[in-house]
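Everything below concerns the one structure shown next.
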Amino acid sequence: MNRSARLVEIVAAHAGREGPLLPLLHEVQAEFGCVDGEAEAQLAHALNLSRAEVHGVVSFYHDFTATADPRPCVQLCRAEACQARGVEALVPAAQAAAGGRVKLHDVYCLGLCSVGPNARVGDQLYARLDQGSLVELIERA
Amino acid sequence: MDVAHLTLMANQIARNFAVQGDERAAAATAEHITLFWDPRMKAAIRAGGGADLSPIAAAALSRLD
Amino acid sequence: MAYEPQADFGTPQVASETRVTLTIDGRSVTVPQGTSLMRAAALTGGSIPKLCASDNLAAFGSCRLCLVEVDGMRGTPASCTTPAAEGMTVHTQTPRLQKLRRGVMELYISDHPLDCLTCSANNDCELQDQAAAVGLRDVRFGYAGENHLGLAADTSNPYFDFDPSKCIACSRCVRACDEVQGTFALTMDGRGFASKISAGQAGDDFLSSECVSCGACVQACPTATLQEKAVKEIGKPERSVITTCAYCGVGCTFRAEMRGEQLVRMVPWKDGKANHGHSCVKGRFAWGYAQHKDRITAPMIRESIDQPWREVSWDEALGFAASRLQSIKAQYGARALGGITSSRCTNEETFLVQKLVRAGFGTNNVDTCARVCHSPTGYGLKTTFGTSAGTQDFDSVEHSDVILVIGANPTDAHPVFASRMKRRLRKGAKLIVIDPRRIDLVRSAHIAAEYHLPLQPGTNVAVLTAMAHVIVTEGLADEAFIRERCDWDEYQDWARFVSDERHSPEVLEAVSRVPAADLRAAARLFATGGNGAIYYGLGVTEHSQGSSTVMAIANLAMATGNVGRPGVGVNPLRGQNNVQGACDMGSFPHELSGYRHISDTATRALFEADWGVTLDPEPGLRIPNMLDAAVDGSFRAIYIQGEDILQSDPNTHHVAAGLKAMDCVIVHDLFLNETANYAHVFLPGSTFLEKTGTFTNAERRIQMVRKVMEPANGMEDWQVTQALANAMGLGWNYTHPSQIMDEVARLTPSFAGVSHARLDEAGSLQWPVNEAHPDGSPIMHEAGFANGKGKFVVTDYVPTDEKTGPRFPLLLTTGRILSHYNVGAQTRRTANTAWHPEDLLEMHPTDAENRGLKSGDWTRLASRTGETTLRLLVTDRVAPGVVYTTFHHPATQANVVTTEFSDWATNCPEYKVTAVQVMASNGPTDWQEDYEALSARSRRIAPEIPAEAAE
Ligand code: SF4
Ligand code: SF4
Ligand code: SF4
Ligand code: FES
Ligand code: FES
């Protein structure tokens, strides 16, 4: 499915919702890794806002980026359960392994709390990580 | 004046009044032509022989003057 | 008047009935409840420093410069956001406040270039004024810190620049664009220190953004960040004159701000009752045509139209014209002569032209360009309501609950009123749009129509009758209103007619293609949604049933009790600036000023006594009939003021043939327009900036037009008409246009109380102005209809004779766009072409695909009448089967394809429906090329000293 058809789908899923702009932007950011000008314009049209208004909101929040990060991305869960199961101790090694080549993105809960520390690459989830397996995961990413 | 064109105009007026019934429509059409047409237009259509005039328009013209 | 910006009270006026009294700096003041302390202080003559507040915007409270102290209140509240309360004691100037304000100001100035002396806004800058007001002397932060000073200016808009280095982030521009204009084109990009104003998105500049160049942000900006280019080029204005826009029927008033004899800028006048300080790109910026090099300022004549023009003296030109007119009259009689008045000219000028024709030429062959736009309004509203005019003032829209827009495109054609309407819609009024095309109002930022009924062009009457069917058969009619205000028997006839099953939305859906369920829902909403107001335009009038549609609209308003109070009514949106006035002044061949029929002996006697002539009691020819009669040989001479009938009237070939057949065509205009290609005499005209008089806008509001500079051609247009009259021996001696208005007032009951002196004093007046309404009449038919009882007229749907078929399967409809005006004679000669360099043909994707066409392709547009070429724009704004174009550019020759079908009652041409075919093409047609050649030939002007014969 092309991008703009997917966007239409995302918008449709939020139809009728009060104040749909922010949740939509989050979903677009998650899906495409950015909210670019084209997405802004398409959302503006769909929500009956001006392009400028959507751009104003996008540029106000740090969560949204105008261009996608081309680097591979490893999402590492740092929420309570994973913290309790020791994720913080793995962070320095993970950062060293990622360097500038891999984007290490903190997320908060991947829904596998009982088997953490957890990470995700693309759609694939990885559980019970220790330093070795996490570093390997990052190096392969 | 182009009689065919004037005939078309008269028929169009008559057609828009037709809903009022023949009698009233003819009167209204005659009144409309009296109020809005220049003398040479009235003269030309009356001299034109009346071919192609709708019945209401023809009835209206016979009432002029 | 010396130059001074208009006073700004900081926050908008509040309408509350309740008053509160408070003390500000020891002065007592009483204001409506809800008024801000800032406004209250301004009303006492005081002034509190401010940067983010302006009296046309809701208070924002961001700059913190306007702090005050209030006894008994803690802290220092912002005066712009603090409402006045009974018994308050307020201090606006204390040492503590001064210190606080100076601190705030210092922060602003530390991030602002200090080039005041060379800045184009020097001495016209609120930042500078406020810095002085708070006594800022020195900036403690120094100027070295991080700042915005290096940002590049955006000069993409042809009329104003955006220089972000001077921006203080007050967001007045953003709020003006949102609240006043309703376009939402601007935003604050980013946040905190990094924030800056952005038009559109990251890659946009002003021109590519959604900006429509209304200028509201430029006015709102307290610094030189957003500023007219002309101020930079010419310098700061030194004086100003209040005058009225000469473009559209909204009738915005402006301060023409001058430096010496040069116009620097037009700034919308806050006290203008039609526009309340707002404007659109045309009136605000597109006045450059007045000095365009194409403008002709010397009279010219020629024996025949194949000769080049010869520049001559006024005397020679007028003598030549007068003797031709007289000899034609002697040979063929008075009825071989005629004239056309212009709805671009003033009431006074128009009145004189029709007087010249009736009293001087001795015939009633006078007509006006309103023939091709709003003549059905005159007929329809006179028949039903008893007066040929809209019922409301623009302010009325503030009280509407349901707004029905039919055959009008206000955001393009009446932009300043559209902004008002949009503001009301954003506050909750509901909208119904009946239009073949998805106009912007149907859906644009923060506006969405409840129902859009995309009817087939030519089926207005069917749709309105179906709405009436729903209202009557579902018992939604306002019988109490009808019994009291209308003729009950006529109502019953009408109700019976519309109730017939033939007129149900389900049956008529086959004709109109409007889904019956939508139509029913829209009708119910209109009848039951509270105050219902109807706004319509040329999409109603320019049809074979234009007059019927106007009457159907009036029927609908009466049936739902929507006449005679604020928020309701029937509102024709007039095209040109003075369409209303031209009609009022007796420009139609059958009636004298004030809509009195020429056959009425008493009225004629009044004029005959005043003018000392005998008037012809028979109606004269309308424009299309004049052309017919010309081809026929019985009409031979015409005086055309400010009107380009060759371009604006239907079936260009026929108009050309008519003009060509005449012995004397006198064109009185600014430019050698298309009609002048067939003229023998050219009399140079003056612009609205060069004359005094009045215009009457769509709300019957008469407003002064004031001369701001001397006419480049040496004479105001009324003087030219008088000179022509006198060349014919009429002996007129008006020395000022006010004398012409006095004559109008003396001869026209609805204008009895109008004079230039009264207008100067009142600002504007809405007719009728007479003994019963000494201050004019914002809303009509309040106590009863002008003709006693409102009249329901049965309007039967009669399909147009212009039908699609296998050869011409599509319906063409026409319209206009924001940046241009009418045939574009003025706007094409300004930088407005940045937005609309050519006319495009809009077509639905399905139709385009069937023909293998795509956007940008050259296409041939052919009708039974003729053909032309233009480029295609594929869009789903138009329904399948419908194509749409504008007619602003002569090269397009859109009227080569329009037919001669016309409104049955008024002969207003059926521009809005033409059966056409569209196919791929390589470029311009033969006619377009021939025509180009002819215009080039006939525009030749002979060199001043004729060359020695070379043969
Ligand atoms: S010119 Fe008008 S439309 Fe354009 S940004 Fe300024 S306020 Fe908005
Ligand atoms: S551009 Fe002008 S109005 Fe807009 S934020 Fe900057 S200073 Fe204020
Ligand atoms: S063109 Fe119309 S809306 Fe625009 S400024 Fe002039 S009168 Fe106002
Ligand atoms: S907290 Fe890590 S997956 Fe739930
Ligand atoms: S003027 Fe009141 S806070 Fe800016």
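A, B, ... follow the sequence lines: proteins, then strands. Residue 1 opens every chain. This is a predicted model, so every value here is computed, not measured.
- Using a 4.5 Å cut-off between heavy atoms, C:Ala202 contacts chain A through both its backbone and its side chain.
- Within 6.0 Å of NE2 in A:His45 there are 12 or fewer heavy atoms belonging to other residues, nucleotides or ligands.
- Looking at A:Ala66, neither its backbone nor its side chain comes within 4.5 Å of chain C, counting heavy atoms on both sides.
- A donor and an acceptor atom, one from each side chain of C:Asp435 and C:His452, are nowhere located under 3.5 Å apart.
- Most heavy-atom pairs under 4.5 Å with chain A, from the set C:Ala448, C:Ala199, C:Cys177, C:Ser444: that is C:Ser444.
- When heavy atoms are compared at a cutoff of 4.5 Å, C:Asp178 does not approach chain A at all.
- Within the 3.5 Å criterion, the main-chain N or O of C:Pro222 finds no donor-acceptor partner in the side chain of C:Arg172.
- Relative orientation of the C:Phe417 and C:Tyr535 rings is tilted, given thresholds of 30° and 60° on the angle between their planes.
- A cation-pi arrangement is found for C:Arg175 relative to C:Phe60, the charged atom lying closer than 6.0 Å to the ring centre and inside a 45° cone about the ring normal.
- Of all the listed residues (A:Leu47, A:Leu49, A:Asp36, A:Val54), the one sharing the greatest number of non-hydrogen pairs under 4.5 Å with chain C is A:Leu49.
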